[in-house]
Amino acid sequence: MDDELRERIEREAEKHALLNAVKHDSDADVGAIMGPLMGENPDFRQHGGEIPGLIGPVVAEVNRLSAGEKRERLEELAPEELAEMEAEEEADDSLLPDLPNAEDYDEVRMRAAPNPNGPWHLGHARMPAVIGTYKEMYDGSFIVRFDDTDPETKRPDLTAYDAILDDIDYLGFEPDDVIRASDRVETYYDYARELIEMGGAYTCSCSGEAFSNLKNDGKPCPHRDKDSETTREEFEDMVAGEYSSGEMVLRVKTDIEHKNPALRDWVAFRMIDTPHPREEAADYRAWPMLDFQSGVDDHLTGVTHIIRGIDLQDSAKRQQFVYDYFGWDYPEVVHWGHVQVDAYDVKMSTSSIKELIDAGEVEGWDDPRVPTIKSLRRRGIRGQAIVDAMVGLGTSTSNVDLSMSTVYANNRDLVDDETDRYFLVRDGEEFAVEGGPDSAHPPLHPSFEERGTRDIPVGDSVRLESGDVPAEGERVWLKGFGAVRREGDSLVATGDDLDVVREGDVAVIHWVPTDGVSVRMRTMDGDVTGVAEPDFGDVPEDELVQFERVGFVRVDDRGDDETVVYFAHK
């Protein structure tokens, strides 16, 4: 490497170190700037092995500057990139659009309304992320209402109530109120009775097919004009469980000739024979449909703004008929498109994931192969990383794609500074080491020397990953140890200094003593086994670390024979 290239690398490294430090209001990190540095300067890649050693002192110099000095130096070196970064940060502060007519309300009140038929998949995180963020923006209220009034087709899972609340807590939010719709059935009955007295509802015993034909032809049901007293009596028989499933329903009287057939005299209550799994609700047989239940609850809990999928536009139109009967003002509505998540082979569907678990194809809701919030949590992903990614999608009515790389980048920013470094060799070959020190002492974190170093004894032999094994006579630099040359089944210390790395002649690789810590790393692609350096054995469970050149992992279980870790991301 000539002096001109060396100076250019150092100059570019200083710029990227300053960008990294100013953006995150912290010290810069060699690992964090390597990607942008190489991406912007592809001709540097052929010198990748020596660049970390070359730019380390540059980063150290940047970190000695005060925050104000860093910004001044960056403005001098790269004023346009500083301005662009600050503009992006300003935009990030207002990623969500203002809520419609928020100024017309004393308090903004929003609700997430999960169906507790299982733990949440990743797509479910969008609603609490956005509502929680709006709550903070407007100093409003966040209600969680479990819409659990379908004990048959979307049967509640008794463990899901607490699991969902746990997920919301993990995402960083605390609901102001938690409601279970199955506790409120008597309230829905009372409003149904009022609606019947107004002449706004009638009981109907038509078969589903018969009513559908009438509805599609714009013709009224023969039961539509029955007197309210008969309707009331038949509704009370529904409440008493006198009818079987499909035998009787209560319909909201709308406009039988409405241009949208889906809005014509829709069902408000139906009979369900299957008991609710909650003991408190097991005796009910007449259950409200979601549009009736949700509409009543939104009014009674003072919800001012509703976010729902673009495919649910008819819900607001159905509920408007009920609101008109009672003289209520309908909440503001924001519709958005669906979110799709890449990187998974498993469908993002609660029922589909449950089928895989029941079939034994995955081990549970926190299996690393499934797109659930529990899975990401077990892998060591911070809830804030998910929230930031979801909020970044905004509230567009178009379907949006969430790249997991965005979640990983957010998480890397959150955890990089606090995660200590260790070596893990996933496969590879064993070599005796001749000469050199008895042990190596690389830093626990390259940017925080005050944390100290690890002690990696060389022992009788070391393991290298297969892709790092040098050819006969070739030299490599064992991180923390020094340069060695392969001679048969041995690695012989050469005594070369770091200049051989800086000059690009020697690749820098990681290694472990063969008697290190046995590790099973659980990943989205299956389990990977390997050996970690001895000091890794002291890391407590639930701690996040970075295996150098491998990625971030969360320590899950310390067994007698091996340690299980969950891979987060590179």
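Note that the coordinates shown come from a computational prediction; the quantities given were computed from them, not determined experimentally.
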**Report entry** Output field: ring centroids Tyr422/Phe547 closer than 6.0 Å
**Finding:** no
Query - Donor-acceptor contact below 3.5 Å, side chain His335 vs main chain Thr395 - result: no
Query raised in the report: Any ring-ring contact (aromatic ring centres under 6.0 Å, His included) pairs touching residues 190-218, not counting sequence neighbours?
Result: Tyr191-Phe326, Tyr191-Trp328
Query raised in the report: Which pairs pass salt bridge (charged side-chain N to carboxylate O under 4.0 Å, His left out) with one or both residues in residues 110-121, sequence neighbours excluded?
Result: Arg111-Asp298
**Report entry** Contacts of Asp525 that satisfy side chain to side chain donor-acceptor pair (under 3.5 Å) - sequence neighbours left out
**Finding:** none
**Report entry** Atom CG of Asp217 with >12 non-hydrogen neighbours under 6.0 angstrom
**Finding:** yes
Query raised in the report: Could Glu236 and Arg193 be called an ion pair, given the rule that one side-chain N must be under 4.0 Å from one carboxylate O?
Result: yes
Requested in this report: Answer yes when Asp176 and Arg109 have at least one side-chain N-carboxylate O distance shorter than 4.0 Å, and no when they do not.
Outcome: no
Report task. If a pair satisfies side-chain hydrogen bond (donor to acceptor under 3.5 Å, both in side chains) and one of its residues is in residues 243-258, list it, with sequence neighbours excluded. Result -> Thr254-Asp265
Report task. Return yes when atom CD of Glu229 has more than 12 non-hydrogen atoms of other residues, nucleotides or ligands closer than 6.0 Å, and no otherwise. Result -> no
Query raised in the report: Side chains of Leu250 and Val267: does their closest heavy-atom pair fall under 4.5 Å?
Result: no
Report summary line: Sorted by chain and residue number, the side chain to side chain contact (heavy atoms under 4.5 Å, CB included) partners of His124 (sequence neighbours excluded) come out as Trp120, His121, Thr350
**Report entry** Asp283, CG: over 12 other non-hydrogen atoms inside 6.0 angstrom
**Finding:** no
Report summary line: Distance col, row Thr133:OG1 vs Asp388:CG, nearest 0.5 angstrom, shows 8.0 Å
**Report entry** Test applied, ring pair (Phe, Tyr, Trp, His ring centres under 6.0 Å); reference residue, His305; option that passes from Tyr134, Tyr138, Tyr105, Phe142
**Finding:** Tyr105
Query - Flag side-chain contact, heavy atom, 4.5 Å: Pro114 against Phe146 - result: yes
**Report entry** Listed partners of Lys570 passing side chain to side chain contact (heavy atoms under 4.5 Å, CB included), at least two apart
**Finding:** Phe567
Query raised in the report: Taking only residues two or more places apart in sequence or in another chain, which ones pass side chain to side chain donor-acceptor pair (under 3.5 Å) with Asn399?
Result: none
**Report entry** Heavy-atom check, side chain of Arg126 versus side chain of Val400, under 4.5 Å
**Finding:** yes
Requested in this report: Considering non-hydrogen atoms only, spot the tightest contact between Ala262 and Asp314 and give its length.
Outcome: CB-OD2, 3.8 Å
Query raised in the report: Which residue pairs pass the ring-ring contact (aromatic ring centres under 6.0 Å, His included) test with at least one member in residues 384-420, sequence neighbours excluded?
Result: Tyr408-His569
Query raised in the report: Going by atom types only, do Thr304 and Glu332 share a side-chain donor-acceptor pair under 3.5 Å?
Result: no
Report task. Name all residues meeting the salt bridge (charged side-chain N to carboxylate O under 4.0 Å, His left out) criterion together with Arg378; count only those two or more places apart in sequence or in a different chain, and write none if there are none. Result -> Asp366, Asp556
Report task. For side-chain contact (heavy atoms from CB on, under 4.5 Å), just list the numbers for Val249 and His223, CA-CA rounded to whole Å, side-chain angles, deciding distance to a tenth of an Å, and then say yes or no. Result -> CA-CA 11 Å; Val249 299; His223 308 103; over 6 Å; no
Requested in this report: Would you mind reporting whether Leu376 and Met404 have side-chain heavy atoms less than 4.5 Å apart?
Outcome: yes
Requested in this report: Evaluate whether atom CD of Glu186 has more than 12 neighbouring non-hydrogen atoms of other residues, nucleotides or ligands under 6.0 angstrom away.
Outcome: yes
Requested in this report: Please say whether more than 12 non-hydrogen atoms of neighbouring residues, nucleotides or ligands are located less than 6.0 Å from CG in Asp104.
Outcome: yes
Requested in this report: Please round to the nearest 0.5 Å and tell me the distance separating atom NZ of Lys374 and atom CD1 of Ile353.
Outcome: 12.5 Å
Report task. Could you give me the CA-CA distance, side-chain angles and deciding distance for Glu234 and Lys226, then say whether salt bridge (Lys or Arg N to Asp or Glu O under 4.0 Å) is met? Result -> CA-CA 11 Å; Glu234 291 180 343; Lys226 69 175 63 172; 2.7 Å; yes
Report task. Show your working on side chain to side chain donor-acceptor pair (under 3.5 Å) between Gln293 and Asp297 and close with a plain yes or no. Result -> CA-CA 6 Å; Gln293 169 250 302; Asp297 278 336; 3.3 Å; yes
**Report entry** Contacts of Tyr566 that satisfy ring pair (Phe, Tyr, Trp, His ring centres under 6.0 Å) - sequence neighbours left out
**Finding:** none
Query - Partner set under side chain to side chain contact (heavy atoms under 4.5 Å, CB included) for Asn216, not counting sequence neighbours - result: Ser212, Pro261
Query raised in the report: Has Glu174 got more than 12 heavy atoms of other residues, nucleotides or ligands less than 6.0 Å from its CD?
Result: no
Run the side-chain donor-acceptor check on residues 355-363: report pairs under 3.5 Å with partners two or more places apart or on a different chain.
from	atom 1	to	atom 2	distance (Å)
Asp358	OD2	Lys354	NZ	3.1
Glu363	OE1	Arg522	NH1	3.0
Glu363	OE2	Arg522	NH2	3.4

Report task. Let me see the working for Glu465 and Arg426 under salt bridge (Lys or Arg N to Asp or Glu O under 4.0 Å), right down to the final yes or no. Result -> CA-CA 6 Å; Glu465 294 208 341; Arg426 291 164 285 190; 2.9 Å; yes
Requested in this report: Carefully, step by step, assess Glu418 and Arg382 under the rule salt bridge (Lys or Arg N to Asp or Glu O under 4.0 Å).
Outcome: CA-CA 13 Å; Glu418 62 191 57; Arg382 296 284 177 84; 2.2 Å; yes
Query raised in the report: Would you say the side-chain atoms of Arg558 and Thr563 include a donor-acceptor pair closer than 3.5 Å?
Result: yes
Query raised in the report: Hey, does Asn410 have a side-chain heavy atom less than 4.5 Å from the side chain of Val407?
Result: no
Report task. Taking the side chain as every heavy atom from C-beta outward, state whether Cys204 and Met248 have any atom pair closer than 4.5 Å. Result -> no
Query raised in the report: How are the rings of Phe292 and Trp266 set to each other: parallel, tilted or perpendicular (split at 30° and 60°)?
Result: tilted
Requested in this report: Check whether any side-chain heavy atom of Leu214 sits under 4.5 Å from a side-chain heavy atom of Pro222, and report yes or no.
Outcome: yes
Requested in this report: State, with a plain yes or no, whether a side-chain heavy atom of Met110 is found less than 4.5 Å away from one of Ile307.
Outcome: yes
Requested in this report: Check step by step if side-chain contact (heavy atoms from CB on, under 4.5 Å) holds for Trp336 and Arg308.
Outcome: CA-CA 6 Å; Trp336 62 15; Arg308 58 164 57 109; over 6 Å; no
Query - Pair Asp345 + Arg369: basic N to acidic O under 4.0 Å - result: no
Query raised in the report: Asp147 and Arg145: salt bridge (Lys or Arg N to Asp or Glu O under 4.0 Å), yes or no, with the steps?
Result: CA-CA 6 Å; Asp147 285 347; Arg145 186 187 71 228; 2.7 Å; yes
**Report entry** Test side-chain contact (heavy atoms from CB on, under 4.5 Å) applied to Leu122 and Ile386, step by step
**Finding:** CA-CA 9 Å; Leu122 187 53; Ile386 302 171; 4.0 Å; yes
Report task. Test side-chain contact (heavy atoms from CB on, under 4.5 Å) on Asp527 and Met521 and set out the steps. Result -> CA-CA 6 Å; Asp527 290 359; Met521 183 167 64; over 6 Å; no
